[in-house]
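Below is one structure, written out as structure tokens, with a few remarks after it.
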Amino acid sequence: MQMTILENLHESIKQVIKNAVEKAIANNEIDPVSEYDIQIETPREKEHGDFATNIAMMLTKILRKPPRTIADAILKNMDFANTYIAKAEVAGAGFINFFLDNSWLYDVVGVIDEQGDNYGRINLGNGKKVMVEFVSANPTGPMHMGNARGGALGDCLASVLDWAGYNVTREFYVNDAGNQIEKFAVSLEARYIQELKGEDAIEFPEDAYHGDDIRQHAKNFIALYGDKYLEAEQTERRKALVDYALKLNIQALKDDMDLYRIHFDNWFYESTLHNSNEVMETIELLKQSGYTYEKEDALWFKTTEFGLDKDDVLIRANKIPTYFAADIAYHRNKFSVRGFDKVINIWGADHHGHIARMKGAMQALGIDPDRLDIITMQLVRLMRGGEIVRMSKRTGKSITLHDLLEETNVDAARFFFNLRQASSHFDFDLELAVEQSNENPVFYVQYAHARICSIIRHLSGEGINVKNAKDIDLTALVQPQELDLLRKLTDLTEEIKAAATTMEPSRLTRYLMDLAALFHSFYNACRVNCDDQNLMHARLKLICCVKTVIANVLNMLGVNAPEKM
RNA sequence: GCGCCUGUAGCUCAGUAGGAUAGAGCAACUGCCUUCUAAGCAGUGGGUCAGGAGUUCGAAUCUCUUCAGGCGCGCCA
């Protein structure tokens, strides 16, 4: 894939600097330096030019001269021939600021014209196989607000990586085995018996699932099968109940994800790891690695070898493998069986304690732990009109993802959950979300898109259509609002690169809000439908480019780009 | 007790592989619709970057420390 406009520009400026440094050395104006890194940055203040370098400050330690002296010497030897650089000057502590001819900004229009729906794609990932595993909610009940945040985050991160040139797989891990399924069975059974024989017939275990959904499953089960399992063997009864309810719960997870516009490439069932014997195989490999030992009838993993406080059990004294053991097998499967180059997990912050031991387990298996990235997302604190709403599954009174999707709209929820970084604690106020007021910036961005569509419709009605970039004199665009927009459009590729590198899709919502703000300013300052035909076509093209970019990024976020509002 | 995350404007948050005068939205106040969508724009006020010390040309950003909040330290998942 070709270099982006900014990459090209940075390279050409670096070349100018490099040539100038070499010339300054040749002229004995500075002492020889062999290795140095040239950084190009964008100054915050416009008076400081379009780009700047801190090369003089970087060299000040090596050369033992004041930065401004070095900067002067470098500047004196600069040659701007065949570049966009109009002038450069030394400023501040020793920055060299570059002021460019505006013409470099027009290039982006041609690029967007050519790439259209794909403008913004870069080849950072080089087709590497990467998995993003997210949500992975327990199938024992409905999803909560944490899953809502994780879903929006994971899905958008996957999109960002896709746009950055990775080969991305979205996966949902279904914990359809193990202890919580046992607990699920016990819960269902107790409700089943209570429904048939009264509340006092059996005591409902304190640590079972108290949610109303369990009771509902029992009722529906009875409607289908009556009391025929009342006298059956306990194992048979529990199996029938779990088979029935689990299937429905998993389908509900799929339906809700569908509503939320999240489409997983794969739903991976924990049970397959047990059935295929991969769990035991993995444990065998860990034994061979020497990182295990037996104590009190259980098999332990030497987590302490990896700097942690205590070791962890892999196989309990009752010979049943732990969740940890299954999880290790799962991750081994991702890397060794399915060959992912890189795996990203999105976990709630309450699981952060497991990161080190999982990485340790990977190392024990000979898998480079750096190939596993775990994003810990701070949990969502649910508020309603400023009051905290508890979200425990046990009380059964939590607000579910499904409730959220019924109360608010998907665009708002997905955008809202990507406003903040994963590391930030997040208060989600239901009243605000439901209001869909201007508190939610998604409308601001969508409004910009709709406004552009409206202008295009108007002009189209007058028989004026968008021309190809090559047929337009873009130099008509000289207003600061126009130039700011062009610059922002050019920035998209860098923004995607940064979002992919830092694994923070929240950069995109911020980028969109900035872009929308620039457009709204432009809208108030410049009229597209003006008398100057040349200017009109240039502006029309400009807003079409803005529309394309807004739509592309909204598409990455899984948010609609409405033509009318 | 140990570990992880967080602390920036009244509120919600950006900015952290060190860079120039710390930004945005909301809230408050003042203006802007007989022409392309006012869910908009322009402007004003608002700061001990939690406190302290250190590293250096330069610290919101790095180190140490104190304080405050969240989370975790099961043969649970």
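Just so we're clear, the structure is a prediction, and the values are computed from it rather than from any experiment. In what follows, every chain begins at residue 1, and chains take the letters A, B, ... in the order their sequences are listed.
By the criterion of a centre-to-centre distance under 5.5 Å and near-parallel planes under 30°, the ring of A/F95 forms no stack with the base of B/G19.
For A/H449 and A/F519, the distance between ring centers is not under 6.0 angstrom. You'll find the ring centres of A/H48 and A/F95 outside the 6.0 Å limit. Between A/F268 and A/F172, the distance from one ring center to the other does not fall under 6.0 angstrom. Annotation: A/Y291 is in aromatic contact with A/F306 [ring centroid separation under 6.0 Å].
For the C1' atom pair drawn from B/A17 and B/C13, the interatomic distance equals 23 Å after rounding to whole Å. Across the P atoms, B/A60 and B/C67 are found 24 Å apart, a figure rounded to whole Å. B/G25 and B/G15 have their C1' atoms separated by 15 Å, given to the nearest Å. B/C64 sits 37 Å from B/C26 when the C1' atoms are compared, rounded to a whole Å. B/G45 sits 11 Å from B/A9 when the C1' atoms are compared, rounded to a whole Å. A distance of about 28 Å separates the P atoms of B/G54 and B/G10, rounded to the whole Å. When the P atom is used for both B/G47 and B/A22, the distance is 12 Å, rounded to whole Å. Going from the P atom of B/U44 to that of B/C5 covers 39 Å, rounded to whole Å.
Using the Watson-Crick or G-U wobble rule with both distances under 3.5 Å, B/G7 pairs with B/C67. Nucleotide B/G47: unpaired (no Watson-Crick or G-U wobble partner with both distances less than 3.5 Å). Base pairing of B/G19: its partner is B/C57, meeting the Watson-Crick or G-U wobble criterion (both donor-acceptor distances under 3.5 Å).
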List every contact pair, protein side and nucleotides 2-8 of chain B side both N or O, where the distance is under 3.5 Å.
| unit_1 | atom_1 | unit_2 | atom_2 | d |
| --- | --- | --- | --- | --- |
| B/G3 | N2 | A/H352 | NE2 | 2.6 |
| B/C5 | O2' | A/Q378 | NE2 | 3.1 |
| B/C5 | O2' | A/S423 | O | 3.2 |
| B/C5 | O2 | A/H425 | NE2 | 3.4 |

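Contact between the side-chain N/O atoms of A/R507 and the OP1/OP2 oxygens of B/A14 is not found at any separation under 4.0 Å.
Base orientation at B/C36 is anti, since its O4'-C1' glycosidic dihedral falls outside 90° of 0.
The cationic atom of A/K183 (NZ for Lys, CZ for Arg) lies less than 6.0 Å from the six-membered ring centre of A/Y209 and within 45° of the ring axis. Judged by a 6.0 Å distance limit and a 45° cone about the ring axis, A/R451 is positioned over the six-membered ring of A/Y523.
The structure places CD1 of A/I496 at 6.5 Å from CG of A/L508, a figure rounded to the nearest 0.5 Å.
Of all the residues in residues 46-54 of chain A, A/E47, A/H48, A/A52, A/N54 reach under 4.0 Å from RNA chain B with at least one non-hydrogen atom.
For A/Y444, the listed nucleotide lying nearest its side chain is B/G40; candidates were B/G40, B/A22, B/C76. Nearest nucleotide to the side chain of A/N529, out of B/C36, B/A38, B/A14: B/C36.
The residue A/A349 sits close only to the backbone: its heavy atoms come under 4.0 Å of sugar-phosphate atoms, none of a base.
In this structure a side-chain-to-backbone donor-acceptor pair under 3.5 Å is present from A/N147 to A/H144.
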